[in-house]
Amino acid sequence: MTSFQSPIGTHDVLAPQSALWEGLVATFAQYAYRFGFTLILTPMFEEVGVFNRGIGEGSEVATKEMYVFQDRGDRTYALRPEGTASVVRAFVQHQPTTPYKGWYVTPAFRYERPQAGRYRQHHQLGVEALGSDDPALDVEVIALAWRFFQALGLTRVRLLINSMGHDECRSRYVDVLRGHLEEHRAQLCDEHTVTWSHNPLRVLDCKREPCIAVTDDGPSLPDFLCADCATHLARVRHGLDQLGIDHVLAPRLVRGFDYYTRTTFEFVADALGNAQNAIGGGGRYDGLTERLGGKPTSGIGFGSGIERLLLAREAEGVTSNLIKRSIDVFIVDTSGQDVATVLADDLRAAGFAVERGFGERSMKSQMKSADRSGARVALLIGPQEVAADQITMRDLRSDDFEQAQQRVTRENIVGALRGHLEK
RNA sequence: GUGGGCGUAGCUCAGUUGGUUAGAGCGCCAGGUUGUGGUCCUGGAGGUCGCGGGUUCGACCCCCGUCGCUCACCCCA
């Protein structure tokens, strides 16, 4: 019989790696709550229009990378390629009181060729805050991300920030940019000599020398902001300065989704040496609720890729665990399994993480399992202990047989164990 | 979608110009007398050499195809 393996671009995560995921998500949840966000769960698939209208039909993700499928009722759905559109759809549907602040953790799906830091199923955590256009909210969202990265132990992270303006500022800029590109279209890279007029902003994002040269001495987006948008950007930057969050203005930062207005930002991990070094990003999307059929409501959010965060930690050599995931006690029972069964239940009820030997294995063999389990203490139960209604408590970190080991009565074991582990 | 590298035991890898029963380390299991892990010693289990064709007296090795992994371009988390 042939076996199966995980689909292209997907991965199974087992221990001990999975403990890093647990710790990372728990850390994010903790910070999200500190900042006043509550958890939101939305379906992993949506009507395809949620994403087409949300992130923009012309975007790379919507046109080439979505997992679209028909269900048995002939409805057209798509697995979500990012987090924001679903949350905003839910916001429009349920109309919670504002300001609404939700955090999420979710798989995201994009049909692409996998490579370092890029997968067909990856995982994002993020927040969305709707109902206020106060730049102080932008600052909070960015600060949450920043503090979270710090908590993960990341130090080599740069924050790039820009403003897309609102519709009018942006279209004025795009017009001028288009003119500039037309004038210099012959000097653009091979791809953009053909496609520059379709979406001029994309050219800013191009990493090839010719396009960089052309756009470098072209119009700069921040110069085209209206007074309100310019003030907004300035106040966001002022807030970041107040918090000591270093950032640089990145006039060519436009990002891949069409919904952004005003503030956009991206976190780059310099420890990641490849092209997939963006560990998070986001921005303000003041027109998105309307595009999804709701009332005008301003919003801002950010998303971050779990796989990339873990890669960045690894690249920086951060080894902290984030969460404890080891067992406290291993029960070795050579008198049959009855004592172990009840003792394990008692200890678990008392809050200990308990593992035990299974099968009629020798004490030596079970001790070996105890050692490998990482438990600090082994509890030994053999015929002698059963006869005396006692348990032998052995500290596995010690190599001194006499000191490491003591007999405890069955009824005192919880207290003795607690006392020992707290030492 | 395009291109480079790679697929041998659970893991990391050897495998000479194609030549008998395919190896190592780690891991796993069991022993090293009378109930005790981590070091040491001994033994053992475990592989359709990714899969399918082809060349050859003979293929892990050569050729073709295919699947997968990986890296890069593009784009993004």
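Reminder, nothing fancy here: chain letters follow the sequence lines and each chain counts from 1.
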* Residue pair A:R325, A:S18: steps toward the side-chain hydrogen bond (donor to acceptor under 3.5 Å, both in side chains) verdict -> CA-CA 10 Å; A:R325 277 294 173 256; A:S18 56; over 6 Å; no

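- One P atom belongs to B:G5, the other to B:C62, and the distance between them is 14 Å to the nearest Å.
- Checked against the 6.0 Å centroid threshold, A:F37 and A:F35 do not count as a close aromatic pair.
- Atoms CZ (A:F148) and C1' (B:A77) sit 12 Å apart, rounded to a whole Å.
- In the model, A:D138 has a side-chain atom that pairs as donor or acceptor with a side-chain atom of A:T263 under 3.5 Å.
- Whole-Å rounding puts the A:Q17 CD to B:C11 P distance at 16 Å.
- For the P atoms, the distance from B:U55 to B:C63 is 15 Å, rounded to whole Å.
- Map A:A278 and A:M367 each onto its nearest nucleotide of RNA chain B; the residue landing nearer the 5' end is A:M367.
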* Would you check, one step at a time, whether the test side chain to side chain contact (heavy atoms under 4.5 Å, CB included) holds for A:I381 with A:L343? => CA-CA 10 Å; A:I381 299 145; A:L343 180 59; 3.7 Å; yes

* Test ring-ring contact (aromatic ring centres under 6.0 Å, His included) on A:Y285 and A:Y260 and set out the steps. => CA-CA 5 Å; A:Y285 41 82; A:Y260 288 118; 7.2 Å; no

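- In this entry B:G65 has B:C51 as its Watson-Crick or G-U wobble partner, both defining distances falling under 3.5 Å.
- Across B:A22 and B:U34, the matching C1' atoms stand 43 Å from one another, rounded to whole Å.
- Whole-Å rounding puts the A:D333 CG to B:G35 C1' distance at 12 Å.
- Between the side chain of A:R394 and the base of B:G37 there is at least one donor-acceptor pair of N/O atoms closer than 3.5 Å.
- Within a 6.0 Å sphere centred on CD of A:Q93, other residues, nucleotides and ligands contribute more than 12 heavy atoms.
- A gap of 12 Å separates the C1' atoms of B:A9 and B:C26, to the nearest Å.
- Taking a pair to require two hydrogen-bonding distances under 3.5 Å in either a Watson-Crick or a G-U wobble arrangement, B:U33 remains unpaired.
- The stretch residues 307-331 of chain A touches RNA chain B through A:R308, each having a heavy atom within less than 4.0 Å of the strand.
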* Check step by step if salt bridge (charged side-chain N to carboxylate O under 4.0 Å, His left out) holds for A:E140 and A:K101. => CA-CA 11 Å; A:E140 286 225 333; A:K101 298 167 79 177; 3.4 Å; yes

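- Aromatic stacking of A:H122 on B:A77: satisfied, with centres closer than 5.5 Å and planes within an angle under 30 degrees.
- Distance CG (A:L154) to P (B:A77): 17 Å, rounded to an integer number of Å.
- The CD-C1' distance, from A:E128 to B:A77, rounds to 14 Å in whole Å.
- Within 6.0 Å of CG on A:D346 lie more than 12 heavy atoms contributed by other residues, nucleotides or ligands.
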* To do: Would you mind building the protein contact string for nucleotides 66-74 of chain B? One character per nucleotide, 5' to 3', B for base within reach (heavy atoms under 4.0 Å), S for sugar-phosphate only, - for untouched.
  => --SSSSSBB

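- Of the P atoms belonging to B:G50 and B:G68, the separation is 16 Å, rounded to the nearest Å.
- Relative to the ring axis of A:Y173, A:R170 does not place its NZ or CZ within 45° and under 6.0 Å from the centre.
- For B:C13, the paired base is B:G23 (Watson-Crick or G-U wobble, both distances below 3.5 Å).
- Under the Watson-Crick and G-U wobble criteria, each requiring two contacts below 3.5 Å, nucleotide B:A77 is left unpaired.
- Within the structure, a side-chain polar atom (N or O) of A:K364 is placed less than 4.0 Å from OP1 or OP2 of B:G37.
- When the P atom of B:G31 is taken as reference, atom CE of A:M363 falls 14 Å away, rounded to whole Å.
- Rounded to a whole Å, the CZ atom of A:F267 is 13 Å from the C1' atom of B:A77.
- In this structure, B:G38 makes no Watson-Crick or G-U wobble pair, since no nucleotide meets both defining distances under 3.5 angstrom.
- Electrostatic pairing of A:R376 and A:D328 does not count as a salt bridge here, judged by no charged N lying under 4.0 Å from a carboxylate O.
- The residues A:R255 and A:E266 are annotated as salt-bridged, a charged nitrogen and a carboxylate oxygen being separated by less than 4.0 angstrom.
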Protein-nucleotides 26-29 of chain B N/O pairs under 3.5 Å:
{"unit_1": "B:C28", "atom_1": "OP1", "unit_2": "A:R372", "atom_2": "NE", "d": "3.3"}
{"unit_1": "B:C28", "atom_1": "OP1", "unit_2": "A:R372", "atom_2": "NH1", "d": "2.8"}
{"unit_1": "B:C29", "atom_1": "OP1", "unit_2": "A:R372", "atom_2": "NH2", "d": "3.2"}
{"unit_1": "B:C29", "atom_1": "OP2", "unit_2": "A:R372", "atom_2": "NH1", "d": "3.4"}

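- Within 4.0 Å (heavy atoms only), A:E385 reaches at least one base atom of the nucleic acid.
- For B:G37, its base sits under 3.5 Å from the side chain of A:D371 at one donor and acceptor pair at least.
- For A:F267 and A:F265, the ring centers sit closer than 6.0 Å to each other.
- Taking the P atom of each, B:G19 and B:G37 are spaced 46 Å apart, rounded to whole Å.
- At a threshold of 4.0 angstrom between heavy atoms, the contacts of A:L380 include nucleobase atoms, whether or not backbone atoms are also involved.
- Counting to the nearest Å, the C1' atom of B:U36 and the CE atom of A:M393 are 16 Å from each other.
- Among the atoms of the strands shown, only primed sugar atoms or phosphate atoms (P, OP1, OP2) are found under 4.0 Å from some heavy atom of A:F257.
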* Candidate pair A:D133 and A:R284, rule salt bridge (charged side-chain N to carboxylate O under 4.0 Å, His left out), full reasoning -> CA-CA 9 Å; A:D133 63 358; A:R284 186 162 272 289; over 6 Å; no

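- Straight-line distance between the C1' atoms of B:C61 and B:U2: roughly 30 Å, to the nearest whole Å.
- Taking atom C1' on both B:C28 and B:A45, the two are 9 Å apart, rounded to the nearest angstrom.
- Side-chain atoms of A:F91 and A:T289, non-hydrogen and from C-beta on, do get closer than 4.5 Å to each other.
- Pairing for B:A72 goes to B:U2, judged as Watson-Crick or G-U wobble with the two contacts each under 3.5 Å.
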